Structures are given as structure tokens and as C-alpha cells.
2 protein chains.
Amino acid sequence: MGVSETFKALAAPERRKILDLLKHGKLSAGEISKQFEMSAATISYHLTVLKKADLVTESKYKNYVYYELNTSVVEEVMMWFTELKEGK
Amino acid sequence: MGVSETFKALAAPERRKILDLLKHGKLSAGEISKQFEMSAATISYHLTVLKKADLVTESKYKNYVYYELNTSVVEEVMMWFTELKEGK
DNA sequence: AACCTATTTAGAATTTTATCTAAATAGGTT
DNA sequence: AACCTATTTAGATAAAATTCTAAATAGGTT
């Protein structure tokens, strides 16, 4: 829930790719997993990191787990950058 | 020189604090170091990380090394966020 | 040259991350 | 209930990041 977790989450290309995939809407863990070479367990790990950083939210339907981009945290980090740039 | 390096560099609170210190102008490695409990060697390490991420630039004067914020990379990362948010 | 101050580099120890396989859990369907 | 599919958790291993102390380098001053 802190800025460190957010940046840490964004530091891995795999996780940024996941966010990119989610730009156009919800996807299940499996649908996300298919876009990578890594094991489903590893993708699950990356999804957990993104979830802890509040960059995605999850919802369940049947035996699927859907992930969705959480743009409010993106706003928060943009704010951080703006303040850095403006020397506030 | 990549987005990963930038985010990785920003993920540590010590390094974000260094950037904050540099918001109002150049500081030498020693002046920065004084603001932390850590050894000068460790701060030097963090400065190297920031330098590799292009978040700071360095210049030498006498036996001092001055560090300065590099705002152009900040712009670049803001762009990345904007595209994520706008779903481009 | 000898010395002093500032900073970085080297090497070691510790912690954190990332990945895999195998097993566990959860929800349907037959 | 038995089974199948989707996903996560556990445990192990390997790699990367963080920190320290001690030594090396760089630039002045005396």
C-alpha cells in the first residue's frame, strides 16, 4: 500500500506487460498466463505482487479469477512524479 | 536506460529521499550522505543506481562529486503512465 | 612529498526476488 | 461421489539487491 510497493511492482517487465494486457479490460489468470512462457504459478506470483501494490483488483466468477487494472493508484504515482518535477 | 531500471531505482525509499533532496539543486555526495544513517559507501551505491537509471547526473568540482536531478527521464516515465491510464 | 578530505570500489555477508515442480484448494460437471 | 479445469500455495533453488568494513583513488594543501 506504499509508493515503494508500487514502484517495485512496476520494475519488472513481466508485470508491466500484464498491466498492458489489462488496459482493455478484465482477464482471467489463465488468459494472462497464456501470453507468457512462464508457469502459471509464476504468473500467479506476479499477479499477487500487482495486487499487493494495488495496481490490480481481483474478482471471482466460477472457477476463474479475473484481474482488472486499478487506475486510481496510477493517479497517485503520477502525483508523486509531478511533485518531484515541480520541486514542491 | 530502460523503464525497468527507472522503476527499480524509484522503488527504494532511500533513493526517493535522495531525489527529494535534489529537488532544490545540486548536492555533493557528502552532503547527501549526511542526511542518512547509512555509510557513505552505501549512499555511493544508491547514487550509482540513480545514475544508471538516468535519474541524476553527476559533475565534479575539486574533490567533490555533485549530483543533480535529471527531470527529462521523469517526463518519460510520466508518459508511460499516461499511456497506461488512457489505454493506448 | 606527505597528508588530509571526499568519494568510490572490492569483497563478504545477508536479505529479497523470481522461478520451478508438486501438491492443495475451489468450483463446476457427469 | 468422482472427476476435470483453473488457480494458488509450499518448498526448494538460483539470482539479484543491499549493506558493511577496509582498501583504493582523486584532488587539494602544507
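Convention: sequence-line order gives letters A, B, ...; per-chain numbering from 1. Keep in mind that the numbers below use all heavy atoms, side chains included, and drop hydrogens, waters and symmetry copies. All of these numbers come straight from a predicted model, not from anything done at the bench.
- A:Thr48 comes within 4.0 angstrom of nothing in the nucleic acid, heavy atoms only.
- The nearest whole Å value for the distance from the CD atom in A:Glu14 to the P atom in D:dA16 is 12 Å.
- Closest to the side chain of B:Ser44, from the set C:dT9, C:dA6, C:dA18, is C:dT9.
- The distance from atom CZ of B:Phe7 to atom P of C:dT17 is 17 Å, rounded to the nearest whole Å.
- Taking atom NZ on B:Lys52 and atom C1' on C:dT8, their separation rounds to 13 Å, with Å as the unit.
- With DNA chain C read from its 5' end, the first of the two nearest nucleotides for A:Lys8 and B:Ala29 is the one closest to B:Ala29.
- With distances taken from any side-chain atom of A:Met38 to the nucleotides D:dC20, D:dA17, C:dC20, the minimum falls on C:dC20.
- Within the 3.5 Å criterion, the main-chain N or O of B:Thr57 finds no donor-acceptor partner in the side chain of B:Asn70.
- Atom CD of B:Glu58 is separated from atom P of C:dA6 by 17 Å (rounded to the nearest Å).
- A:Tyr45 has its OH atom 15 Å from the P atom of D:dA10, to the nearest Å.
- Tracing side-chain contacts under 4.5 Å through hydrophobic residues (I, L, V, M, F, W, Y), one reaches A:Val3 starting from B:Ile18; they form part of the same cluster.
- Criterion: ILVMFWY side-chain heavy atoms under 4.5 Å apart, direct or through other members. Under it, A:Leu19 and A:Tyr66 are not part of a common hydrophobic cluster.
- No donor-acceptor distance shorter than 3.5 angstrom exists from the side chain of B:Lys17 to the backbone of B:Phe36, with no hydrogens or angles considered.
- B:Leu55 and B:Val49 fall into different hydrophobic clusters, where Ile, Leu, Val, Met, Phe, Trp and Tyr are joined by side-chain heavy atoms under 4.5 Å apart, directly or via other members.
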**Asked** Can you give the dot-bracket line for DNA chain C, where a pair is Watson-Crick or G-U wobble with both atom distances under 3.5 Å, crossing pairs use [ ], and | marks a partner on another strand?
**Response** ||||||||||||||||||||||||||||||
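- For the OP1/OP2 pair of D:dT19 and a distance below 4.0 Å, the side-chain nitrogens and oxygens of B:His46 include at least one atom meeting the criterion.
- The phosphate of C:dA6 has neither OP1 nor OP2 within less than 4.0 Å of any side-chain N or O from B:Ser33.
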Distances under 3.5 Å only, N/O to N/O: pair up the protein atoms with those of nucleotides 21-27 of chain C.
none

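- Two rings, from B:Trp80 and B:Phe7, have their centers less than 6.0 Å apart.
- Look at CD1 on B:Ile43: it is 12 Å from P on D:dT18, rounded to the nearest Å.
- Look at CG on A:Leu27: it is 15 Å from C1' on D:dA6, rounded to the nearest Å.
- Side chain of A:Ser39 to main chain of A:Thr42: a donor-acceptor pair is present (N/O by atom type, distance under 3.5 Å, no hydrogens or angles).
- Within the structure, a side-chain polar atom (N or O) of B:Tyr67 is placed less than 4.0 Å from OP1 or OP2 of C:dT8.
- Distance, B:Leu50 CG to C:dT8 C1': 16 Å, rounded to whole Å.
- A salt bridge links B:Lys23 with B:Asp20; the closest basic N to acidic carboxylate O contact falls under 4.0 Å.
- Within the 3.5 Å criterion, the main-chain N or O of B:Leu10 finds no donor-acceptor partner in the side chain of B:Arg15.
- Listed nucleotides D:dT19, C:dA18, D:dT7 differ in distance to A:Val65; the shortest reach to its side chain belongs to D:dT7.
- Sequence order on DNA chain C of the closest nucleotides to B:Gly30 and A:Glu37 puts B:Gly30 first from the 5' end.
- Looking at A:Ser44, its side chain never comes within 3.5 Å of a backbone N or O of A:Ala40 through a donor-acceptor pair.
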